[in-house]
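Read through the structure below, which is laid out as structure tokens, and then see the notes.
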Amino acid sequence: AELRVERRFVPESCPRAVRRGDFVRYHYLGSFPDGTRFDSSYDRGSTFNVFVGKGQLIAGMDQALVGMCVNERRFVQIPPKLAYGSEGVSGVIPPNAVLHFDVLLVDLWNSEDEVQVQTYFKPEKCPRTVQVSDFVRYHYNGTFLDGTLFDSSHNRMRTYDTYVGIGWLIPGMDQGLLGMCVGEKRIITIPPFLAYGEEGDGKEIPGQASLVFDVVLLDLHNPKDGIAIENQHVPESCERRSQAGDFLRYHYNGTLLDGTLFDSSYSRNRTYDTYVGQGYVIAGMDEGLLGVCTGEKRRIIIPPHLGYGEEGRGKIPGSAVLVFDIHVVDFHNPSDSVSITVNYKPSNCTVLSKKGDYLKYHYNASLLDGTLLDSTHSLGKTYNIVLGSGQVVVGMDMGLQDMCVGERRTVVIPPHLGYGEDGVEGEVPGSAVLVFDIELLELVSGLPEGYMFVWNGEVSPNLFEEIDQNHDGEVLLEEFSEYIQAQVDSGKGKLAPGFDFEKIVKNMFTNQDRDGNGKVTAEEFKLKDQEAKEGHDEL
């Protein structure tokens, strides 16, 4: 005689229960007391959708649904007076029939509902939130109120990429994404009139369905964005900043906005080397590397239209914002010359180094970032060279010019005057700027250019006869060598300093031996001032 409701399953969480005026979607089995089934929504493959408390249902069902939770299951016994009464339904329900309904509530909403947002994770740092016209990349799981999954970007292993607030999304998602931070996770619950409405969407989303999206925001930018620069470390001394046309060597870690690492120069144990401002790198990096100091660390945030665009590249997805944490190791310009800074000069500084002089000096060699490459101090001996003879890199030959004994200077050598693009394997990186701290300890004056030997006094008029000790009219290398050695030992002559004695003498002899037969005759023998300008180093 009375309505009877039995709650057979009640979910642990019930944030909302049916009230009069709500719209519900539910499944049911309808049967008579003897168990004979007269109707079933399951057989039709669709829920029963209706407003509660507005006379669209039999009175008993209108009452029985009130207070139900989504996913709750109720057994309802409805007496005839609250069902179809004494008339019944022709061919289906006899008069004065008691009806049994096994009801499962699937969905529930009200026409006054709004989008509900529940944030369950928010990063500590949130420098920027989603605004209208921003472009976002996010992952989501889409379910109905009862938890049934209808779609997931995770399953496709690809983010959903879209503009916000310009009609590319259902209205409820347009609203629900506003104000999110990158890395934030939120649940967005959308009533059907802000989703796919009465029609639904294809086979996946039925009409009048509330939708629940579990969203994590991975990326965010606006088409009007430029690059953003965050200085992390700027050296106290910054004498020079990079300009367009400079060549930079730098380390970097490249990540997406959510922190996912996609590339690192550190993992390759090699700097990235490139020209700046000339289109060799993506536009955002070209701009972000301008104005840096050697040793500076900065973060460069690059929107996709200044990065790899909609297509992406390799591990970089399309429309991705890129974050580069860079450390500038050194830079130079191809037009740079050697830079010399004198740190100390003795008061008595009259004899200056020149091409051909023999020099002994100490040095510490390092990169621009201070990395020590080499030091003569650690070896406990000086470095000895003939200046201008090609025994050192061109930049060092230039840096040692016009130096006096006791002077200390710092010489900065660009790579095109150092070890070039290749460097020295295992010792000097390619395209590296070199810094030498030098102290000149000894200087032996060299000979005039083009001379390997000079006389300290008058030259004997019978020079050939003096060299030809056995007076056979021919001078052999041994005779020539003994004679030169004797002149040097007696102080009558001087060899170019810094060279191997045997090599110099052999070179001198070969220049005199014009026919190459291993003997020098009186006709072949000539002094320097007797020679036509043939480009030889003569006596």
Side-chain angles (χ1 to χ4, degrees), residues 1-11 13-111 113 143-150 191-193 195-212:
E2 300 299 329
L3 175 69
R4 185 166 70 87
V5 176
E6 178 187 338
R7 304 181 77 181
R8 292 192 172 177
F9 175 77
V10 180
S13 175
C14 183
R16 178 176 183 177
V18 176
R19 297 179 299 175
R20 294 185 182 278
D22 285 345
F23 189 91
V24 295
R25 296 171 53 243
Y26 63 91
H27 273 300
Y28 70 87
L29 287 172
S31 61
F32 299 117
D34 65 357
T36 302
R37 183 185 299 180
F38 63 82
D39 195 13
S40 171
S41 64
Y42 296 100
D43 292 342
R44 294 189 296 273
S46 63
T47 56
F48 192 77
N49 306 337
V50 69
F51 282 100
V52 176
K54 293 189 175 183
Q56 297 180 3
L57 293 161
I58 57 176
M61 187 62 84
D62 246 354
Q63 297 177 36
L65 291 172
V66 173
M68 279 192 83
C69 308
V70 171
N71 283 329
E72 182 177 345
R73 184 181 176 193
R74 289 186 175 185
F75 176 77
V76 182
Q77 179 179 293
I78 303 176
K81 65 181 180 181
L82 296 177
Y84 295 99
S86 59
E87 295 185 4
V89 176
S90 177
V92 180
I93 298 174
N96 297 315
V98 175
L99 305 180
H100 291 179
F101 288 92
D102 189 346
V103 179
L104 175 64
L105 187 64
V106 174
D107 200 346
L108 157 65
W109 54 272
N110 191 282
S111 57
D113 286 350
T143 64
F144 302 122
L145 271 188
D146 67 349
T148 302
L149 184 73
F150 64 82
F193 52 86
Y196 295 100
E198 296 182 6
E199 300 299 323
D201 186 39
K203 295 180 180 180
E204 301 297 331
I205 300 176
Q208 302 290 31
S210 300
L211 306 180
V212 180

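Reckoned from all heavy atoms, side chains included, excluding hydrogens, waters and symmetry mates.
Side-chain contact between Thr148 and Thr143 is absent, with no heavy atoms from C-beta onward closer than 4.5 Å. Side-chain atoms of Val103 and Met68, non-hydrogen and from C-beta on, do get closer than 4.5 Å to each other. Side-chain contact between Tyr26 and Asn49 is absent, with no heavy atoms from C-beta onward closer than 4.5 Å. Using a 4.5 Å heavy-atom cutoff, the side chains of Asn71 and Leu105 are not in contact. Between Phe48 and Arg25 there is no side-chain heavy-atom pair separated by less than 4.5 Å. Counting heavy atoms from C-beta on, the side chains of Leu108 and Phe23 never come closer than 4.5 Å. The side-chain heavy atoms of Pro206 and Phe144, taken from C-beta on, include a pair separated by under 4.5 Å. Using a 4.5 Å heavy-atom threshold, the side chains of Ile93 and Glu87 count as separate.
Side-chain contact of Asp39 with Tyr28: a donor-acceptor pair under 3.5 Å is present, judged by distance alone. Ser210 and Asp107 share a side-chain donor-acceptor pair at under 3.5 Å. Between the side chains of Asp22 and Asn110, at least one donor N or O lies within less than 3.5 Å of an accepting N or O. In summary, the side chains of Ser41 and His27 do present a donor paired with an acceptor at a separation below 3.5 Å, with no hydrogens or angles considered.
One finds the CG atom of Asn96 at 12.5 Å from the NZ atom of Lys81 (value rounded to the nearest 0.5 Å). Rounded to the nearest 0.5 Å, atoms OG1 (Thr36) and NE2 (His100) are 11.5 Å apart. Separation of atoms CG (Leu99) and CG (Leu82) is listed at 10.5 Å; rounding is to 0.5 Å. Taking CD1 of Ile58 as the start and CD of Gln63 as the end, the distance is 10.0 Å to the nearest 0.5 Å. Taking CZ from Arg7 and CZ from Phe75, the interatomic distance works out to 16.0 Å, rounded to the nearest 0.5 Å.
Minimum interatomic distance between Val70 and Val106 (heavy atoms only, all atoms of both residues): CG1-O, 3.4 Å. Summarising the geometry of Pro192 relative to Ala209, their closest heavy-atom pair is CB-O, 3.4 Å, with the distance given to 0.1 Å. Taking both residues in full, the closest heavy atoms of Pro95 and Ser86 are given as CB-O, 2.8 Å, listed atom of the first, atom of the second, then distance.
The aromatic rings of Phe32 and Phe38 sit tilted, their planes meeting at an angle between 30° and 60°.
For the pair Ser40 (side chain) and Tyr42 (backbone), a donor-acceptor distance under 3.5 Å is present. Judged by distance alone, with hydrogens and angles left aside, the side-chain atoms of Gln56 form a donor-acceptor pair with the main-chain N or O of Phe51 at under 3.5 Å. Without hydrogens or angle criteria, Trp109 side chain to Gln208 main chain gives a donor-acceptor distance under 3.5 Å.
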Val50 vs Val24, side-chain contact (heavy atoms from CB on, under 4.5 Å): CA-CA, chis, key distance, verdict: CA-CA 6 Å; Val50 69; Val24 295; 3.9 Å; yes
Should Asp62 and Lys54 be marked as a salt bridge (Lys or Arg N to Asp or Glu O under 4.0 Å) after you check the CA-CA gap, both sets of side-chain angles, and the distance that decides it? CA-CA 8 Å; Asp62 246 354; Lys54 293 189 175 183; over 6 Å; no
Trace of the side-chain contact (heavy atoms from CB on, under 4.5 Å) decision for Arg19 with Val66: CA-CA 5 Å; Arg19 297 179 299 175; Val66 173; 5.9 Å; no
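Using a 4.0 Å cut-off between a side-chain N of Lys or Arg and a carboxylate O of Asp or Glu, Arg74 and Glu72 qualify as a salt bridge. Salt-bridge annotation for Asp102 and Arg37: absent, with no side-chain N of the basic residue lying under 4.0 Å from a carboxylate O of the acidic one.
Around atom CD of Glu6, more than 12 heavy atoms belonging to other residues, nucleotides or ligands sit under 6.0 Å away.
Cation-pi geometry between Arg73 and Phe9 is not satisfied (NZ or CZ under 6.0 Å from the ring centre, within 45° of the ring normal).
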